[in-house]
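Let me begin by presenting the structure, written as C-alpha cells, before commenting on it.
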Amino acid sequence: MKDILTIIMAGGRGERLMPLTRDRCKPAVPFGGIYRLIDIPLSNCVNSQLYKILVFTQYKSQSLVDHLEDGWNIFSGALGHYLRIVAPQQRLGEDWYRGTADSVRQNLYLIERERPHHVLILSGDHVYKMDYTLFRRFHEEKQADVTVSLLEVDRATASAFGIAEVDAEYRICGFEEKPKDPKPMPEDASRSLASMGIYLFKRDVLLSVLKESDDEDFGRDVIPRLVREARVYAYPYRRYNLIKDDVPVYDPEMGYHFKTQYPTRDSSYWRDVGSLDAYWNANMDLTGMAPFFNLHGRRWPMRGLQRQVPPAKFVVSGGDPASLRAGTARDSVVPHGCLISGGIVRHSVLSYNVIVNSHAEVDESVIMDNVEIGHHCRIKKAIIDKDNVIPPHTEIGVSPQEDRTRFVVTPRGITVVPRGAFPRP
C-alpha cells in the first residue's frame with residue numbers, strides 16, 4: 001500500500017446537521033462518545049496500512065485541526081509516513097473550493113510531488129469499516145482506471161445518491177448523480193448501486209481529467225465523464241469488504257467473551273450521517289448487546305484523541321437510606337470522566353465528563369462533552385451538544401411540540417439542543 005496517496009475530504013459545511021455544525025465542520029462532529037467523524041476513515045486507513053494522508057479542510061476547521069494535531073500525531077516522518085492538513089490556498093485563482101474535484105485540482109502539485117501510483121479519495125464524514133487493501137486488489141484485477149465503491153440500496157431511496165449502471169462484469173456503463181428514476185441492479189430490479197463517495201484512481205488518469213476539464217465535483221462531473229472515456233468499475237462493497245476481527249460476543253452461559261468473526265457483522269455497515277436523524281441513528285447503532293457497528297474490535301480498532309480524564313464512576317445518591325438510588329447505565333456507551341449519580345441511562349451514547357444526577361432519566365439520546373443533567377430531568381430521544389447545564393426537572397424530548405418553540409426537532413422527533421443553550425448559572 002506504499003504507493004497509494006490518500007486524500008480525505010474534510011471541508012463539508014454540514015448544513016443539514018445544524019446546529020451541531022454551527023461552530024465546527026461536519027467531519028469534526030463528535031461521534032460514539034470519544035471520537036470525531038473523521039476518526040473513522042482515518043482508522044480505516046491505518047488499519048489498511050495507508051500512511052500517506054492529506055486532509056483537505058475548508059469551513060470552520062479549527063476544532064478539526066486541533067483534534068488532528070492532538071490525536072493523530074502517530075506518523076513517522078523517518079519512514080515516509082505523514083498526515084498533512086491542507087488549508088485552502090486559492091492557488092488557481094480567487095475562488096475557494098467549488099466542489100470535491102475542484103479541491104483536488106487546486107492541490108494537484110501535492111500529488112505530482114509525491115508521485116503515487118494510485119490516489120484514494122475518501123469522505124471525512126461517513127461511518128463504516130473498510131479494508132482498502134481489498135478495494136485495491138479488485139481495482140488491479142479489473143485493470144481499472146478508476147474504481148468506485150458502491151452500496152446496494154432500495155430504489156425507493158436511491159435518488160439521494162449517485163447511482164451507477166453496470167454490466168455483468170461490474171464495469172460502470174452509466175452514472176447519474178441523484179437521478180429521479182434510479183437504474184436498477186442487473187440481478188435485482190428493486191435495488192440500485194449507490195456511490196459511497198470512495199474512489200481509487202490511477203494517478204495519471206486523475207491528473208489528466210482534472211487538468212483537461214473544469215469539472216467541479218467527482219460524482220456529478222468527473223465519474224460520468226470517465227465512464228465514457230476510461231475503464232471505470234464498480235466495487236460491490238457488501239460482497240467483497242470482508243473484515244476479520246476479534247469482537248466481544250455474548251453467550252448465555254459464558255457471558256461476554258472475545259471471538260474471532262470473519263466476516264464481522266459490521267463489514268457491510270455504511271452510514272452517511274448527513275442529517276440529524278441519520279446521525280442519531282448511527283449513534284444508536286453503537287448501543288445494545290449486539291451493536292450494528294462495533295467499537296470494541298481488537299484487530300480493527302477505532303482510533304482518536306484519548307483525553308486524560310478520570311474513569312467513569314457510578315454512585316449511589318441520597319442521604320436517607322430509604323431513598324438511595326444507584327446510578328446505572330443499560331445498553332449504553334459511557335466514556336471516561338462520566339459520573340452517574342443516582343440517575344439512569346438507557347440506550348444512549350454519552351461523551352467525556354457527563355454528569356447524570358439523581359432521579360434523572362436519559363433514554364435513546366446522544367449527550368456530548370461537559371453536559372450536566374440535573375435532578376429529576378427527563379431526556380428522551382435528544383441530541384445535546386457540549387457545555388450545557390440542564391436545570392433540575394427539565395424535560396427534553398418528552399413533548400416534541402413544546403420543544404419546537406425552543407430547539408430544532410427533526411422529522412423523526414429528535415430534539416437537538418445546541419452548544420451552550422443552558423449556560424452554567
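Heads up: numbering here begins at 1 and tracks the sequence. Quick note: numbers below take in every heavy atom, side chains included, and nothing from hydrogens, waters or symmetry partners.
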Could you check whether any side-chain N or O of [X] sits under 3.5 Å from a backbone N or O of [Y], counting only pairs where one atom can act as donor and the other as acceptor?
X	Y	result
D272	G274	yes
S348	S365	yes
D217	G219	yes
D125	A10	no
N47	P301	yes
S195	G162	no
D167	R171	yes
N388	I390	no
S332	R330	yes
N370	K386	no

*Please determine which of V146, D215, V227 meets the side-chain contact (heavy atoms from CB on, under 4.5 Å) test together with V222.*
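That would be D215.
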Return the minimal non-hydrogen interatomic distance between [X] and [Y], and the atom names on each side.
X	Y	result
G397	T415	CA-OG1, 3.7 Å
P400	G413	CG-O, 4.4 Å
V153	A158	CG2-CB, 3.9 Å
Y352	R307	OH-N, 3.4 Å
T287	H347	CG2-C, 4.0 Å
F407	P418	CD2-CD, 3.9 Å

*Decide side-chain contact (heavy atoms from CB on, under 4.5 Å) for R271 and D285; before the verdict, give the C-alpha distance in whole Å, the side-chain angles of both, and the deciding distance to 0.1 Å.*
CA-CA 10 Å; R271 295 288 185 273; D285 285 345; 3.6 Å; yes
Does any non-hydrogen side-chain atom of [Y] lie less than 4.5 Å from one of [X]?
X	Y	answer
L150	I172	yes
P423	V389	no
M18	V408	no
L151	F161	no
Y256	H296	no
E372	R424	yes
P236	F138	yes
M284	F292	no

*Begin from the C-alpha positions of H126 and V273 and carry the test side-chain contact (heavy atoms from CB on, under 4.5 Å) through to its verdict.*
CA-CA 6 Å; H126 295 160; V273 290; 6.0 Å; no
Drop me the distance from [X]'s [atom1] to [Y]'s [atom2], to the nearest 0.5 angstrom.
X	Y	atom1	atom2	value
K244	D246	NZ	CG	8.0 Å
Y199	L120	OH	CG	11.5 Å
I379	I384	CD1	CD1	4.5 Å
S149	I121	OG	CD1	13.5 Å
I85	L64	CD1	CG	7.0 Å
L50	T6	CG	OG1	4.0 Å

*Does the salt bridge (Lys or Arg N to Asp or Glu O under 4.0 Å) test come out yes or no for D363 and K380, once each step is laid out?*
CA-CA 5 Å; D363 290 283; K380 184 175 180 63; 5.4 Å; no
*Under the ring pair (Phe, Tyr, Trp, His ring centres under 6.0 Å) rule, collect the residues that match up with F314, sequence neighbours excluded.*
none
_side-chain contact (heavy atoms from CB on, under 4.5 Å) involving H393 - partner list, sequence neighbours excluded_ =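 For H393, the residues satisfying side-chain contact (heavy atoms from CB on, under 4.5 Å) (neighbours in sequence not counted) are H376.
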Inspect the contact between [Y] and [X] and indicate whether a charged nitrogen and a carboxylate oxygen are less than 4.0 angstrom apart.
X	Y	answer
K52	E114	yes
D181	R155	yes
R346	E361	yes
E176	K183	no

_Is the ring pair F75/Y51 parallel, tilted or perpendicular, if the boundaries are 30 and 60 degrees?_
perpendicular
*When you look at W280 and V416, which way does the side-chain contact (heavy atoms from CB on, under 4.5 Å) test go after all the steps?*
CA-CA 10 Å; W280 179 85; V416 186; over 6 Å; no
Just checking [X]: does its [atom1] atom have more than 12 heavy atoms from other residues, nucleotides or ligands closer to it than 6.0 angstrom?
X	atom1	value
D214	CG	no
R378	CZ	no
R137	CZ	no

_Checking T264 against S267 for the side chain to side chain donor-acceptor pair (under 3.5 Å) test, could you report, in this order, the C-alpha distance in whole Å, the side-chain angles of both residues, the deciding distance, and whether it holds?_
CA-CA 5 Å; T264 59; S267 290; 2.8 Å; yes
_Can you confirm if the aromatic rings of F218 and F201 lie within a centre distance of less than 6.0 Å?_
yes
*Walk me through it: do D131 and N241 pass the test side-chain contact (heavy atoms from CB on, under 4.5 Å)?*
CA-CA 6 Å; D131 187 343; N241 186 57; 4.1 Å; yes
*Is it true that the NZ or CZ of R298 lies under 6.0 Å from the centre of F258's six-membered ring and within 45 degrees of the ring axis?*
yes
*Cation-pi check, K129 to Y269: give yes when NZ or CZ is under 6.0 Å from the six-membered ring centre and within 45° of the ring axis, no otherwise.*
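Checked: cation-pi criterion not met.
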*Test side chain to side chain donor-acceptor pair (under 3.5 Å) on E69 and N73 and set out the steps.*
CA-CA 6 Å; E69 290 181 346; N73 188 21; over 6 Å; no
*Could you tell me whether the side chains of Y262 and R299 share a donor-acceptor contact shorter than 3.5 Å?*
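Per modelled atom types, Y262 and R299 side chains form no pair under 3.5 Å.
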Anything under 3.5 Å between a donor and an acceptor, one on a side chain of residues 23-42, the other on a protein residue two or more places apart or in another chain? List them.
{"residue": "R24", "atom": "NH1", "partner": "L20", "partner atom": "O", "Å": "2.7"}
{"residue": "R24", "atom": "NH1", "partner": "D385", "partner atom": "OD2", "Å": "3.1"}
{"residue": "R24", "atom": "NH2", "partner": "D385", "partner atom": "OD1", "Å": "3.2"}
{"residue": "R36", "atom": "NH1", "partner": "A28", "partner atom": "O", "Å": "2.7"}
{"residue": "D39", "atom": "OD1", "partner": "H67", "partner atom": "NE2", "Å": "2.8"}
{"residue": "D39", "atom": "OD1", "partner": "W72", "partner atom": "NE1", "Å": "2.8"}
{"residue": "D39", "atom": "OD2", "partner": "R36", "partner atom": "N", "Å": "2.8"}
{"residue": "D39", "atom": "OD2", "partner": "H67", "partner atom": "NE2", "Å": "3.1"}

